[in-house]
Every structure is written in C-alpha cells, then in structure tokens.
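See below for the structure under consideration.
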Amino acid sequence: MLEEQILDIAIDLWKLPFAIAIDAFDLMASSNPYFDVVAAVGSILIFWLLAKRGHHMSKIFGVIAAAECIIGVWVFPQYAFITNLVPTATLLMFIAIWSD
C-alpha cells in the first residue's frame with residue numbers, strides 16, 4: 001500500500017518543474033510587474049491542464065496561485081516584496097501531487 005502511494009507520487013513529480021517556473025516568473029515580477037500577469041495566466045493553465053480527471057482541487061489551486069501572483073504588484077504593491085518571494089505554485093502543486 002505504501003509502495004503504491006510513493007510510486008504514484010514519484011510518477012507525478014514531473015509536474016513540479018512547471019510550478020517552479022511559475023514561481024520564477026513571480027519572483028522576477030519585482031523588476032517588471034508584467035511578469036505577474038504571465039505568472040498568473042501560467043498558473044491557471046498549468047494547474048488546469050495538469051489536473052487529473054475529476055480532480056477539482058487543482059483547479060482551485062490554480063486560481064489561488066493566480067490570485068497570489070496578481071496581489072503582488074497590482075493590488076497591494078506595498079506587500080509585493082513578500083508575495084513575490086513565497087513559492088505558492090510550487091507548494092500547491094506539491095500538495096496536489098501528494099493528495100492524489
């Protein structure tokens with residue numbers, strides 16, 4: 001039982017670099033705020049495209065990651081230095097992989 005769960009997690013770990021790339025764009029948004037828009041659109045696409053069939057939590061995670069990207073520079077610019085450093089997409093992707 002445990003071996004199957006570990007193998008399922010290991011098989012789905014290929015999705016993690018895409019989330020890391022989204023967080024890299026979010027980090028680069030401190031110099032150019034349009035990277036936040038790229039990160040937000042990318043996070044919705046990545047989470048929605050890579051979600052397993054019938055797994056609605058990944059779609060919710062995509063919206064949460066996109067909201068965190070947009071909050072960075074566009075909504076609350078005084079907190080942009082905090083929100084751009086938090087790897088939200090990576091953490092949520094890891095949770096989505098672990099919960100399957």
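The model shown is predicted, which means the values in this text are computed figures rather than measured ones. This chain uses plain numbering: 1 for the first residue, then up along the sequence. Hydrogens, waters and symmetry mates play no part in the numbers below; they use all other heavy atoms, side chains included.
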Just verifying a value: how many Å separate [X] [atom1] and [Y] [atom2], rounded to the nearest 0.5 Å?
X: Phe25; Y: Asn84; atom1: CZ; atom2: CG; value: 13.5 Å
X: Phe94; Y: Lys15; atom1: CZ; atom2: NZ; value: 13.0 Å
X: Ile44; Y: Ile22; atom1: CD1; atom2: CD1; value: 10.0 Å
X: Leu91; Y: Phe61; atom1: CG; atom2: CZ; value: 10.5 Å

Looking at side-chain heavy atoms only, is the closest gap between [X] and [Y] below 4.5 Å?
X: Ile71; Y: Tyr79; value: no
X: Met93; Y: Leu50; value: yes
X: Val63; Y: Trp48; value: yes

For residues 34-43, tabulate all N or O donor-acceptor pairs below 3.5 Å that involve a side-chain atom, not counting sequence neighbours.
| from | atom 1 | to | atom 2 | distance (Å) |
| --- | --- | --- | --- | --- |
| Asp36 | OD2 | Val73 | N | 3.3 |
| Ser43 | OG | Ala39 | O | 3.3 |
| Ser43 | OG | Ala40 | O | 2.9 |
| Ser43 | OG | Ala66 | N | 3.3 |

Query raised in the report: Under a 4.5 Å side-chain heavy-atom rule over Ile, Leu, Val, Met, Phe, Trp and Tyr, are Val86 and Met28 clustered together?
Result: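 Val86 does not cluster with Met28.
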
Query raised in the report: Shared ILVMFWY cluster between Ile46 and Trp98, side chains joined below 4.5 angstrom?
Result: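 Yes, Ile46 connects to Trp98 through the hydrophobic network.
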
**Report entry** side-chain contact (heavy atoms from CB on, under 4.5 Å) partners for Ile60, two or more places apart
**Finding:**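 Per chain and number, Ile60 pairs via side-chain contact (heavy atoms from CB on, under 4.5 Å) with Ile64.
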
Query raised in the report: Which ILVMFWY residues can you reach from Ile11 by hopping between side chains whose heavy atoms are under 4.5 Å apart?
Result: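 Leu7, which link up through side-chain heavy atoms under 4.5 Å apart, make up the rest of the cluster.
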
Query - Residues clustering with Leu27 (ILVMFWY side chains joined when closer than 4.5 Å, directly or via others) - result: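 Via sub-4.5 Å side-chain contacts, Leu27 links to Leu85.
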
Query raised in the report: What are the two closest heavy atoms between Ala19 and Ala89, and how far apart are they?
Result: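 Between these two residues, the closest heavy atoms are CB-O, 3.5 Å.
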
Query raised in the report: Per the side-chain contact (heavy atoms from CB on, under 4.5 Å) rule, which among Leu92, Asp8, Ile9 passes with Ile97?
Result: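 Filter result, single survivor: Ile9.
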
**Report entry** Sequence neighbours excluded - side chain to side chain donor-acceptor pair (under 3.5 Å) pairs with any residue from residues 19-33
**Finding:**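 Output for this query lists Asp23-Thr90.
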
Query raised in the report: Partners of Thr88 by side chain to side chain donor-acceptor pair (under 3.5 Å), sequence neighbours excluded?
Result: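 Applying side chain to side chain donor-acceptor pair (under 3.5 Å) to Thr88 gives Glu68.
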
